[in-house]
Amino acid sequence: MPTDHEPAPTPVTTPLTPDLVRGALELEPTARGVLPHRLPAWARAQNTDGQLAMAEAQPSGVRLAFRTRSTAVALETLPTKRVYVGAPPRPAGLYDLVVDGRLVDRASAPGGNTLTLDMAAGTAETVPGPPGTVRFAELPAGVKDIEIWLPHNEAAELLALRTDAPVEPLPESGRRVWLHHGSSISHGSDAASPSTTWPALAAARGGVDLVNLGLGGAALLDPFTARTLRDTPADLISVKIGINLVNADLMRLRAFTPAVHGFLDTIREGHPATPLLVVTPILCPIHEETPGPCAPDFSEIAEGRIKFKAVGDPAEVAAGKLTLSVIRDELTRIVRQRAADDPHLHLLDGRELYGEADHAELPLPDELHPDAATHRRMGERFAALAFAPDGPFATRP
């Protein structure tokens with residue numbers, strides 16, 4: 001606090017420009033601020049899926065990053081909070097404050113728009129609401145590096161950044177950039193907060209900068225997603241393929257195999273020699289041997305959440321329907337085939353991140369998504385496997 005002889009700090013409002021935002025591929029100007037996107041405008045224009053549109057605008061892995069002497073930070077945002085008909089209320093999205101690499105605080109933004117989703121009817125309605133402000137105070141004195149991780153599970157239009165001292169973008173760290181694509185599990189699903197999703201935890205342990213293209217419900221081998229991965233600068237790339245293709249019942253094995261080849265071919269057009277890690281699905285018992293689609297089970301609501309069930313017929317696997325077991329086998333075959341000519345292509349069995357023993361100890365609460373403890377375990381294991389001295393993401397001369 002200033003004394004009687006010290007003037008109060010002059011408030012500083014800093015424009016939210018791309019050099020202050022990491023992990024987003026685009027900032028869309030709005031009437032009042034900017035909206036972070038994880039897919040570029042040209043890719044969004046090719047999309048007709050409301051689930052994907054919602055997922056890519058949820059800024060998983062996106063953070064403000066700046067250096068300042070300020071002892072207080074206020075971020076004005078307009079969040080969009082989700083409500084599911086027939087389900088208990090969801091917790092508000094969190095903003096994680098990381099100071100000099102250490103998580104020191106988290107808070108949520110009041111107000112915001114409300115997006116009401118009726119999964120049974122397949123409808124969505126947005127009701128506008130007021131903006132809110134996330135405040136962090138009593139920060140340590142002196143120059144410090146600050147990151148504010150935006151909510152991984154709700155959209156956040158950024159309106160204003162206010163401090164009591166000037167801010168400047170963080171200088172380039174020299175760390176490698178890890179570009180990751182996957183499903184809601186990579187997006188963050190039921191992680192405790194945005195900096196504790198499994199990819200964020202793995203990135204911190206691996207000493208890399210994360211660009212997270214985990215897209216809840218939308219890891220479907222879309223060509224525009226492959227072209228986005230192709231065109232995004234990266235030193236390391238991983239793609240986690242499988243669960244959404246099963247629970248959406250999107251394609252059969254005949255289409256899956258060439259789609260995977262095409263997806264990887266497209267990535268390689270822009271990254272011909274970048275380490276590329278294909279990750280098969282983690283264990284999910286409802287879909288191991290039973291194909292999709294996956295459906296909410298409104299008769300099973302446990303611990304404030306809807307459970308899911310597989311409603312496909314296992315007898316149809318012989319006709320080409322996909323299960324997680326089928327996908328793991330085929331991805332293993334594809335990667336082995338391609339690796340004969342691509343020494344930088346690697347495979348990781350997702351069950352090394354979460355398998356049978358893990359499920360016995362930490363079952364999936366809704367039968368589909370990992371909880372916070374499982375995200376931590378998966379992040380630690382991925383880092384130990386991928387960034388090991390002999391791992392696919394090892395630092396090499």
Residue pair [X] / [Y]: nearest heavy atoms and the distance that separates them:
X	Y	value
His359	Pro285	NE2-CG, 3.6 Å
Phe387	Arg176	CD2-NH2, 3.9 Å
Ala394	Ala388	CB-O, 3.1 Å
Phe393	Ser238	CZ-CB, 4.1 Å
Arg38	Leu25	O-CD1, 3.4 Å
Ala192	Leu94	O-CD1, 3.5 Å

Is it true that, when you exclude [X] itself, more than 12 heavy atoms of the residues, nucleotides or ligands shown sit nearer than 6.0 Å to its [atom1]?
X	atom1	result
Arg135	CZ	no
Glu269	CD	yes
Arg338	CZ	yes
Arg376	CZ	no
Arg333	CZ	yes

Are the side chains of [X] and [Y] in touch, meaning some heavy atoms are under 4.5 Å apart?
X	Y	value
Glu288	Glu356	no
Leu139	Ser70	no
Leu27	Leu16	no
Val278	Leu264	yes
Arg328	Pro281	yes
Leu158	Leu64	yes
Asp231	Pro40	no
Pro194	Arg63	no

- request: Given side-chain contact (heavy atoms from CB on, under 4.5 Å), test Leu115 with Met54 step by step and report yes or no.
  value: CA-CA 10 Å; Leu115 172 62; Met54 178 177 69; 3.5 Å; yes

Could you check whether [X] pairs with [Y] (Lys NZ or Arg NE/NH1/NH2 to Asp/Glu carboxylate O, under 4.0 Å)?
X	Y	value
Lys307	Asp366	no
Glu380	Arg205	yes
Glu76	Arg32	no
Asp19	Arg22	no

field: side chain to side chain donor-acceptor pair (under 3.5 Å) between His180 and Ser186, intermediate numbers included
entry: CA-CA 8 Å; His180 175 69; Ser186 298; 2.8 Å; yes

- prompt: Is there a side chain to side chain donor-acceptor pair (under 3.5 Å) between Ser325 and Glu289 once you walk through the steps?
  reply: CA-CA 6 Å; Ser325 294; Glu289 306 298 337; 2.9 Å; yes

Between [X] and [Y], is there a donor-acceptor pair closer than 3.5 Å when you use the side chain of the first and the backbone of the second?
X	Y	value
Asp249	Pro291	no
Lys321	Gly292	yes
Thr323	Val326	yes
Thr114	Lys81	no
Lys144	Gly142	yes
Tyr354	Leu362	yes
Asp118	Thr123	no
His187	His152	yes

For the [atom1] atom of [X] and the [atom2] atom of [Y], what is their distance to the nearest 0.5 Å?
X	Y	atom1	atom2	value
Ile282	Arg351	CD1	CZ	11.5 Å
Leu236	Thr274	CG	OG1	8.0 Å
Thr374	Trp198	OG1	CH2	13.5 Å
Lys240	Leu277	NZ	CG	11.0 Å
Thr257	Ile334	OG1	CD1	4.5 Å
Ser173	Asp145	OG	CG	10.0 Å

- request: Would you check, one step at a time, whether the test side chain to side chain donor-acceptor pair (under 3.5 Å) holds for Ser184 with His369?
  value: CA-CA 8 Å; Ser184 59; His369 299 104; 3.0 Å; yes

task: Apply salt bridge (charged side-chain N to carboxylate O under 4.0 Å, His left out) to Asp105 and Arg102, showing your working.
output: CA-CA 9 Å; Asp105 203 357; Arg102 186 170 64 92; over 6 Å; no

message: Pairing donors with acceptors under 3.5 angstrom, does anything connect the side chains of Asn212 and Ser60?
response: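 Distance-only check passes for Asn212 and Ser60.
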
With clusters defined by side-chain heavy atoms of hydrophobic residues (ILVMFWY) lying less than 4.5 Å apart, directly or transitively, does [Y] cluster with [X]?
X	Y	value
Leu368	Leu283	no
Phe263	Leu348	no
Leu39	Val34	no
Ile267	Leu210	no
Val335	Leu324	yes

task: Check step by step if side chain to side chain donor-acceptor pair (under 3.5 Å) holds for Asp329 and Thr332.
output: CA-CA 5 Å; Asp329 289 345; Thr332 300; 5.6 Å; no

Verdict with supporting geometry, Asn247 and Phe308, side-chain contact (heavy atoms from CB on, under 4.5 Å): CA-CA 10 Å; Asn247 56 36; Phe308 293 88; over 6 Å; no

task: Check step by step if side-chain contact (heavy atoms from CB on, under 4.5 Å) holds for Ser189 and His375.
output: CA-CA 9 Å; Ser189 57; His375 270 276; 2.9 Å; yes

message: Please evaluate residues Trp178 and Phe382 with respect to the criterion ring pair (Phe, Tyr, Trp, His ring centres under 6.0 Å), reporting the C-alpha separation (whole Å), side-chain torsions for both, the decisive distance (0.1 Å), and the verdict.
response: CA-CA 13 Å; Trp178 170 33; Phe382 185 92; 5.1 Å; yes

task: I would like to know whether Thr232 and His181 meet side-chain contact (heavy atoms from CB on, under 4.5 Å); could you show each step before the answer?
output: CA-CA 12 Å; Thr232 301; His181 170 59; over 6 Å; no

